[in-house]
Number of protein chains: 2
Amino acid sequence: MDTNCCDGASAHDNPQKRTDDLARNIIEQIADKWTILVIDALGTHGEMRFSRLRDMVEGVSQKMLTKTLRQLERDGLVTRYVHPVIPPRVDYQLTPLGRSLLDKICGIWDWVEVHMSEMEKARHEFDHGEKAARSSASA
Amino acid sequence: MDTNCCDGASAHDNPQKRTDDLARNIIEQIADKWTILVIDALGTHGEMRFSRLRDMVEGVSQKMLTKTLRQLERDGLVTRYVHPVIPPRVDYQLTPLGRSLLDKICGIWDWVEVHMSEMEKARHEFDHGEKAARSSASA
DNA sequence: CGGTATCCGTGCGGATACTG
DNA sequence: CAGTATCCGCACGGATACCG
């Protein structure tokens, strides 16, 4: 496959072959349900502790939340601070890098907000109109 | 969970409760590996027939490609044109709506291109530095 | 060629139990 | 409270076979 849609001066060469793989790998990480929702939640509310986060991100299991957070931490998108207290208290927050990604993600959210109804309509039409489609436009 | 990160004037109200669900549903659709790669491919090369698309999107099975395309079609993001010839020939292309989404996705790709190395480094450090982390910075 | 139907492996992800 | 470990279902997705 080719690199991406708008590669002005990045790929093509061979030496940068792994560049594509890495990019795709990262994209596939980001393009994850929980990842996006977690980044989103942290973006909205700032630093949060684990349990808070868990009920902000509706429907996430603690397993998935942990996993997602670990990955985000590994990628340098969030920081994890373990307060040396008992019972444990762990706070998460976006790094600058994470926040810059958040901006992009917000772009998608906004897009969705704007085009939601349009898409809903399209779906509706598709779901039954279908048959008449190309062959016999009713008009 | 709350709506999203930057809701200026969309949710909160009750009547718009399903708005959130729909938005989230759509996001989860878009936040799909193949979906993104397909949109990307169509964005780069314009109208394409099925088989071409299949080998542009490296690694996609024909099942997943079909499924993905159907969904994109349903959402009004791509059009599907079946040429009335034999053997069959089916062309896909982005709708204006699809292209507007592509822009946002490109934003993410660009972001990735820019911050890739940063993330790679972060991963590397995380993968072994780890231990020394907070308690005893080596320096 | 484009697509559907079927079979089937596997890994994602939820639920539960347990630890520090 | 935060996290790990374990078990396990199930749906995601690949491979194959077949149709128009």
Side-chain angles (χ1 to χ4, degrees), chain A residues 1 24-25 27-39 41-42 45 47-74 78-93 126-127 130-131 133-135, chain B residues 1 24-25 27-39 41-42 45 47-74 78-93 126-127 130-131 133-135:
Chain A
M1 193 185 60
R24 178 158 165 179
N25 172 306
I27 280 284
E28 288 174 16
Q29 299 246 347
I30 295 171
D32 172 76
K33 181 179 168 178
W34 298 129
T35 299
I36 291 181
L37 294 173
V38 166
I39 290 177
L42 285 174
H45 305 283
E47 190 171 56
M48 283 168 83
R49 58 188 303 178
F50 187 85
S51 50
R52 181 94 195 294
L53 205 37
R54 180 174 40 196
D55 49 48
M56 292 277 74
V57 181
E58 188 174 287
V60 73
S61 69
Q62 158 244 45
K63 178 184 178 177
M64 278 297 92
L65 182 55
T66 302
K67 188 182 168 190
T68 302
L69 285 168
R70 277 289 129 69
Q71 208 205 74
L72 288 171
E73 190 194 0
R74 184 170 107 103
V78 311
T79 56
R80 172 174 181 266
Y81 182 64
V82 184
H83 296 265
V85 300
I86 187 167
R89 175 199 173 102
V90 182
D91 281 329
Y92 293 91
Q93 72 178 314
F126 183 91
D127 284 346
E130 261 291 71
K131 297 319 177 187
R134 225 155 350 256
S135 36
Chain B
M1 192 185 63
R24 178 157 164 178
N25 172 305
I27 280 283
E28 287 175 14
Q29 299 246 350
I30 294 171
D32 172 75
K33 180 180 169 176
W34 298 129
T35 299
I36 291 182
L37 294 174
V38 166
I39 291 178
L42 285 175
H45 305 283
E47 190 171 54
M48 282 168 82
R49 58 190 300 180
F50 187 85
S51 48
R52 179 98 196 293
L53 204 39
R54 180 172 42 194
D55 49 48
M56 290 279 71
V57 180
E58 189 173 287
V60 74
S61 69
Q62 159 244 46
K63 179 183 178 179
M64 278 297 93
L65 182 55
T66 301
K67 189 182 167 191
T68 302
L69 285 168
R70 278 288 130 69
Q71 207 204 71
L72 288 172
E73 190 194 359
R74 185 170 107 102
V78 311
T79 56
R80 173 174 182 264
Y81 181 65
V82 184
H83 296 265
V85 299
I86 188 169
R89 176 201 173 100
V90 183
D91 282 327
Y92 294 91
Q93 72 179 315
F126 184 90
D127 284 345
E130 261 290 75
K131 295 317 176 187
R134 229 160 339 263
S135 37

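All figures in this text were calculated on a predicted structure; none of them were measured in a lab. Lettering follows sequence order; numbering is per chain, from 1.
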Problem set entry | Contact state string [nucleotides 9-16 of chain D, B base, S sugar-phosphate only, - no protein heavy atom under 4.0 Å] | ----BBB-
Exercise. B:His83 has an atom NE2; how far is it from atom P of C:dG3, in whole Å?
Worked result: 11 Å
Problem set entry | Presence of A:Arg70 side-chain N/O under 4.0 Å of D:dT4 phosphate oxygens OP1/OP2 | yes
For this session: Would you indicate whether the side-chain heavy atoms of B:Tyr81 and B:Gln93 approach each other to under 4.5 Å?
Result: no
Exercise. Is any side-chain nitrogen or oxygen of B:Thr66 closer than 4.0 Å to OP1 or OP2 of C:dG2?
Worked result: no
Problem set entry | Side-chain touch B:Leu37/B:Thr68, heavy atoms, less than 4.5 angstrom | no
For this session: Using a cut-off of strictly less than 4.0 Å, decide whether B:Arg49 has a side-chain nitrogen or oxygen near OP1 or OP2 of C:dG2.
Result: yes
Exercise. Would B:Leu69 and B:Leu53 count as a side chain to side chain contact (heavy atoms under 4.5 Å, CB included) if you check the C-alpha gap in whole Å, the side-chain angles of each, and the deciding distance to 0.1 Å?
Worked result: CA-CA 10 Å; B:Leu69 285 168; B:Leu53 204 39; 3.8 Å; yes
For this session: Report which part of the nucleic acid A:Arg52 touches: base, sugar-phosphate, or nothing (heavy-atom distance under 4.0 Å, all strands).
Result: nothing
Problem set entry | N/O (side chain, B:Arg80) to phosphate O (OP1/OP2, C:dG3) under 4.0 Å | yes
Exercise. Do the side chains of B:Leu72 and B:Tyr92 get nearer than 4.5 Å, heavy atoms only?
Worked result: no
Seminar exercise, completed: In whole angstroms, the gap separating P of C:dG3 from CZ of B:Arg89 amounts to 12 Å
Problem set entry | Nearest-Å distance for atom pair CG/P, residues B:Leu65 and C:dG3 | 8 Å
Exercise. How sharply is the helix from C:dC1-D:dG20 to C:dG20-D:dC1 bent, taking the axes over five pairs at either end and rounding to 10 degrees?
Worked result: 40°
Seminar exercise, completed: Between A:Arg49 and A:Pro88, the two heavy atoms sitting closest are NH2-O, 3.6 Å
Exercise. Is there side-chain contact between B:Val38 and B:Val60, with at least one heavy-atom pair below 4.5 Å?
Worked result: no
Problem set entry | Side-chain heavy atoms of A:His45 within contact of A:Arg52, under 4.5 Å | yes
Exercise. Considering only heavy atoms from C-beta outward, does the side chain of B:Arg24 approach that of A:Glu58 to under 4.5 Å?
Worked result: yes
Exercise. Is there a side-chain contact between A:Arg80 and A:Val78, using heavy atoms and a 4.5 Å cut-off?
Worked result: no
Problem set entry | side-chain N/O B:Tyr81 vs C:dG2 OP1/OP2, d < 4.0 Å | no
Problem set entry | Separation of atom OH in B:Tyr92 from atom P in C:dC1, rounded to whole Å | 15 Å
Problem set entry | Nearest-Å distance for atom pair CD1/P, residues A:Ile86 and D:dA2 | 13 Å
For this session: Please state how far atom CG in A:Asp91 lies from atom C1' in D:dG3, giving the value in whole angstrom units.
Result: 15 Å
Problem set entry | Rounded interatomic separation in angstrom, taking CD from B:Glu28 and C1' from C:dC12 | 14 Å
